[in-house]
Amino acid sequence: MNITLPDGSVKELPKGSTGLDIAKTIGPGLVKAAVAITANGIQKDLSDPIEEDSEVSIITIESEEGLEIMRHTLTAQVLARAVKNLYPKAKLAIGPTIKDGFYYDFEFEKPISPEDLVKIEDEMQKIIASSSSITKKLHSKAETLNAFTEEPYKQSIVESSDQKDNFQIYYQDDRNFFDLCKGPHLPSLKHIGSFKLTKLAGAYWKGNSKNKMLTRIYGTAWKNDKDLKAYMLSLEEAEKRDHRKIGKELNLFHFQEEAPGMVFWHPDGWIIYRLLQDFVRKKLDACGYKEINTPQVVDRKLWEASGHWDKYRENMFITEIDEEHANEKRTNALKPMNCPCHVQVYNQGLKSYRDLPLRYAEFGSCHRYEASGTMHGLMRVRGFTQDDGHIFCTEDQIESETKSFIELLSEIYSDLGFGSFDIKLSTRPEVRVGSDQVWDKAEQALENAIKKLGLPYELDEGDGAFYGPKLDFVLTDAIGREWQCGTFQADFNLPGRLDAEYIGEDGSKHQPVMIHRAVLGSFERFIGVLIENYAGKLPLWLAPTQLTICSITSDVNEYAQKIHNRLKELNIRSKLDLRNEKISYKIREHSNAKVPNIIVLGKNEAASEMITVRRLGSSENFSYSLEEFIDQIIKEASPK
RNA sequence: GCUCAUAUAGCUCAGUGGUAGAGCACUUGCUUGGUAAGUAAGAGGUCACCGGUUCAAGUCCGGUUAUGAGCUCCA
């Protein structure tokens with residue numbers, strides 16, 4: 001048979017040759033380095049016989065694929081074996097690879113602690129030191145079930161499989177350990193690189209919260225120590241950017257027990273919030289949105305009509321009026337969304353087709369009762385404000401509204417320092433409202449709009465809301481993490497439920513389409529993203545303090561005060577530091593506070609009427625006249 | 001909501017059953033110092049909350065609340 005290699009060369013080998021045989025024809029270096037093969041696009045073990053003409057490439061640990069196979073062997077063969085050695089009664093569930101590493105789910109008799117991870121790691125090192133080779137055997141379903149009488153989770157996997165036989169079991173040399181696995185695996189433990197067990201967590205069997213909670217051990221693995229170290233360092237970097245840590249350090253906001261998931265904004269944090277809101281408000285005004293404001297506490301009758309009472313109640317804060325003091329007893333809910341209230345505004349007065357598209361915007365304060373374990377700093381809260389908006393339009397207007405929304409969103413993201421974003425188009429789910437024709441039209445409209453703008457997008461079939469298709473917009477931050485922020489959802493359901501209508505050209509009543517849309521998502525979450533993206537060093541226009549003026553000696557206090565007053569008149573966010581401290585002390589403090597500009601004033605500056613500026617992140621000094629500096633800072637302080 | 005962990009001064013954290021600690025921050029004094037921590041002193045605590053064990057609990061046990069990691073959810 002003919003084996004075609006990636007460089008196009010063809011080798012003639014006898015039928016039944018293995019990946020190892022192919023490597024031997026190429027060179028001894030490759031024999032040593034080979035860990036698996038890809039044959040006609042499918043990954044196989046190095047020992048698997050090839051029976052027909054194939055395109056084959058040999059996988060080494062240098063490649064992403066090789067690294068993944070190594071991680072897989074490490075979890076399924078080494079971690080699992082180490083745990084069984086130390087805790088013979090532990091039950092094995094599953095052990096896949098994930099980004100940068102792997103995990104394995106176990107059921108332990110007694111809970112284990114993070115200290116146990118050290119013991120397990122040591123045991124893993126011992127197993128690896130054995131350099132055991134790994135071999136595979138195929139078994140029938142009955143044989144396989146028989147082999148795993150002590151492993152209920154493995155049995156469950158085998159039993160629920162459609163496969164009749166050829167279940168793969170991998171054995172290590174000494175036969176003390178074997179495990180069911182899809183493979184491929186390394187041919188020997190010699191190929192294992194550097195690894196570390198990182199954390200311990202609970203995880204449901206098969207990801208279902210009704211099932212038993214297993215213990216998941218996470219680890220990371222790399223081809224050598226250098227890569228492992230670099231990865232651990234990148235984790236530390238991400239930790240340094242944590243908005244909860246920076247928020248505390250820079251005194252931006254806090255949370256406390258009496259209001260879990262609700263932000264207490266401090267003066268500097270609230271400056272950022274207001275700047276961001278003013279910025280978005282200007283953009284919305286320019287885009288033809290009309291800003292409105294609607295109640296936060298609304299009678300359950302409206303939520304029943306909108307369908308939230310049925311579908312969303314467990315996420316809602318419900319309030320009762322104190323019977324002792326109220327004459328009437330009614331049940332209200334804090335609004336979890338703004339849409340039903342926006343329809344109420346729309347419904348005031350008869351609307352004509354000439355009024356459409358009608359774009360309402362609201363910085364809508366919403367409350368959702370999120371499950372206690374899901375909250376996370378500013379990123380997932382119970383009380384938040386959306387940069388929400390609802391567009392009432394005709395089906396024919398969906399496309400042009402999509403286009404103008406994406407243009408608005410691109411502009412806002414780019415001004416905020418995010419050069420690019422990904423778009424996901426989610427189409428009709430199985431359970432949905434509205435006719436297929438309307439869905440066709442709406443999906444087409446969204447897709448056409450993206451295409452006309454020439455933007456790439458990813459199709460997420462069946463992931464749309466039950467009321468209509470949607471677009472989601474995902475940002476990538478400075479260290480490569482993704483954040484879903486913007487959303488654009490067509491809705492054919494709510495206008496009907498809440499009786500929204502317009503008079504068409506034909507003089508009769510029609511139902512408008514309602515588009516739910518947000519660019520930032522929520523101010524809280526977006527500020528969290530901004531803090532992490534900029535590692536707290538916000539651009540000048542968003543910095544709570546734009547500059548701090550530091551005097552070197554008290555002789556120049558008057559000069560410093562004069563400069564400060566002038567900057568304040570121009571609405572530049574200036575602070576004055578006249579404390580009796582050394583200049584290096586002040587510089588350290590304001591640098592740590594991430595103030596973008598530090599102005600240093602001493603006798604020289606006072607005598608020459610100049611100012612000396614030090615930029616955050618640089619130890620260079622620049623000398624300006626006050627007016628020169630003002631020109632520059634005003635230019636720089638407008639959003640880019 | 002589930003599993004595991006954590007909760008001590010404003011912050012970061014030490015404290016393994018016997019009088020509550022450190023560094024930074026804060027206040028006061030000295031120091032007027034030219035680009036990332038000058039110096040001395042002082043003040044600061046219901047050891048998250050409720051209960052239990054014990055002669056004795058910050059420490060051990062149980063519960064509650066919050067936070068963290070992950071899962072589930074959400075999008």
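So you know, we letter chains A, B, ... as the sequences are listed, proteins then strands, and number each from 1.
Residue contacts shown for R216(A) are limited to sugar-phosphate atoms, with no base heavy atom under 4.0 Å away. Residue Y218(A) is in sugar-phosphate contact alone, with no base atom involved, counting any heavy-atom pair closer than 4.0 Å across all strands shown. No contact: H590(A) has no heavy atom under 4.0 Å from any strand. Nucleic acid contact for D555(A): none, since no nucleic acid atom lies under 4.0 Å from a heavy atom of the residue. Base engagement by E605(A) is indicated by at least one non-hydrogen atom pair under 4.0 Å involving a base atom. If you check every strand for non-hydrogen atoms under 4.0 Å, N208(A) touches nothing.
A donor-acceptor contact under 3.5 Å links the side chain of Y204(A) to the base of G1(B). Under 3.5 Å, the side chain of R368(A) and the base of C74(B) form no donor-acceptor pair of N or O atoms. Remark: the S554(A) side chain and the U32(B) base include a donor-acceptor N/O pair separated by less than 3.5 Å.
Distances from the side chain of R579(A) to the nucleotides C26(B), U35(B), G68(B) place C26(B) closest. The side chain of K582(A) lies closest to G33(B), out of G33(B), C71(B), G34(B). Checking U32(B), A25(B), G34(B) against every side-chain atom of Y585(A), the shortest atom distance belongs to A25(B). In the set A37(B), C74(B), G33(B), the nucleotide with an atom closest to the side chain of R588(A) is A37(B).
Following rounding to the nearest Å, I598(A) (CD1) and A37(B) (P) show an atom-to-atom distance of 12 Å. If you measure from atom CD1 of I552(A) to atom P of U32(B), you get 15 Å, rounded to the nearest angstrom. Spacing between atom CE of M375(A) and atom C1' of U67(B) amounts to 9 Å, rounded to whole angstrom units.
When each of E370(A), H243(A), R525(A) is tested with H376(A) by the rule side-chain contact (heavy atoms from CB on, under 4.5 Å), just one qualifies, namely H243(A).
Ring centers of F363(A) and F523(A): under 6.0 Å apart, within the cut-off. Ring-centre distance between F405(A) and Y289(A): not below the 6.0 Å cut-off. For F255(A) and F264(A), the gap between ring centers reaches or exceeds 6.0 Å. With ring centers used as reference points, Y273(A) lies under 6.0 Å from W265(A).
Where N621(A) and Y369(A) each meet RNA chain B at their nearest nucleotide, the meeting point lying more 5' is that of Y369(A). Place R614(A) and Q489(A) on RNA chain B by their nearest nucleotides, and R614(A) ends up nearer the 5' end.
Listed in residue order, the members of residues 513-540 of chain A having a heavy atom less than 4.0 Å from RNA chain B come to none.
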